[in-house]
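Here it is, the structure in full.
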Amino acid sequence: VMAMSGPSVWQRALRLLARREHSRAELARKLAPHGTPEEIEEALARLERTGLLSDERCARAFVAARAERSGRRLLEMRLRERGLDEALIDEVLDALEAESSEVERAAALWRRRFGTPPADAKEWARQARFLASRGFSPSIVTRLLRDPPEDATPSFPDTEP
């Protein structure tokens, strides 16, 4: 009889899931050093059966937490890194798009971060880089900076009475 050393694969999985939602692939990767492929597969299957592990819930939670500051491209990339299925990624991001368009999210982020249209080419480039780094598409970035939201503070206030 071999002595158990440290927590079981099941206990480790529960501990990881208590911290945050994980995809099946992430959990499998994190558990790999701590058990046999059979033990890990058994634990993952049991977690899915009991509803404690759900790729869909993981994807939705991830998107909900980051949607207001990330464009579709960045969200897509991060979901892929978590080992989620392409069809699920598309489904979750399409649902997000139905809720609030990427243009609206980009405008809200821009408003919070800048609120003032770029005064010159250097500032335009800085704002564009910021939005692009958050995963917003070039067409959305260009549209937003070319035609800022109406409630933005103008760079050069009218001096006319």
**OP:** Decide yes or no for R82 and H22: does some side-chain heavy atom of the first lie under 4.5 Å from some side-chain heavy atom of the second?
**Re:** no
**OP:** Find out whether L27 and L47 are in side-chain contact, i.e. whether some heavy atom of one side chain is under 4.5 Å from a heavy atom of the other.
**Re:** yes
**OP:** May I ask you to test the E91-D94 pair for a side-chain heavy-atom distance under 4.5 Å?
**Re:** no
Subject >> R20: side chain to side chain donor-acceptor pair (under 3.5 Å) partners, not counting sequence neighbours >> reply: E26
Original post:
What residues form a side chain to side chain donor-acceptor pair (under 3.5 Å) with R57, not counting sequence neighbours?
Top reply: E21
Original post:
Are any of the side-chain heavy atoms of W110 and V141 separated by less than 4.5 Å?
Top reply: no
**OP:** Not counting sequence neighbours, which residues clear salt bridge (charged side-chain N to carboxylate O under 4.0 Å, His left out) with E81? List them please.
**Re:** R78
Subject >> Charged N-O contact under 4.0 Å between R24 and E41 >> reply: yes
Original post:
With distance as the sole test, does E48 use its side chain to make a donor-acceptor pair with the main-chain N or O of A45 at under 3.5 Å?
Top reply: no
Subject >> Whether over 12 other heavy atoms sit under 6.0 Å from R112 CZ >> reply: yes
Subject >> Spacing of CG belonging to L93 relative to CZ belonging to R73, to within rounding of 0.5 Å >> reply: 13.0 Å
Original post:
Does anything in residues 98-109 pair up under side-chain hydrogen bond (donor to acceptor under 3.5 Å, both in side chains), and if so which pairs, sequence neighbours excluded?
Top reply: none
**OP:** Indicate yes or no for a side-chain donor-acceptor contact from Q127 to the backbone of W124 under 3.5 Å, with no hydrogens or angles considered.
**Re:** no
Original post:
Rounded to the nearest 0.5 Å, how far does CG of L84 lie from CZ of F62?
Top reply: 9.0 Å
Original post:
Mind checking whether V63 and S70 have side chains closer than 4.5 Å, heavy atoms only?
Top reply: no
**OP:** Calculate, to the nearest 0.5 Å, the distance between atoms CD and CD1 belonging to E38 and I40 respectively.
**Re:** 9.0 Å
Subject >> Min side-chain heavy-atom separation E68-L109 under 4.5 Å >> reply: no
Original post:
Closest heavy-atom contact between D55 and S23?
Top reply: OD1-CA, 3.3 Å
Sequence neighbours left out, cut at 3.5 Å: what donor-acceptor pairs do the side chains of residues 129-137 make with other protein atoms?
residue : atom : partner : partner atom : Å
S133    : OG   : F130    : O            : 2.7
S137    : OG   : S139    : OG           : 3.2
S137    : OG   : I140    : N            : 3.3

**OP:** Could you tell me whether E42 and R46 make a salt bridge, using a distance below 4.0 angstrom between a side-chain N and a carboxylate O?
**Re:** no
**OP:** First locate atom CG of L74, then atom CG of L79, and finally report the distance between them rounded to the nearest 0.5 Å.
**Re:** 9.5 Å
Subject >> Residues forming a salt bridge (charged side-chain N to carboxylate O under 4.0 Å, His left out) with D85, sequence neighbours excluded >> reply: none
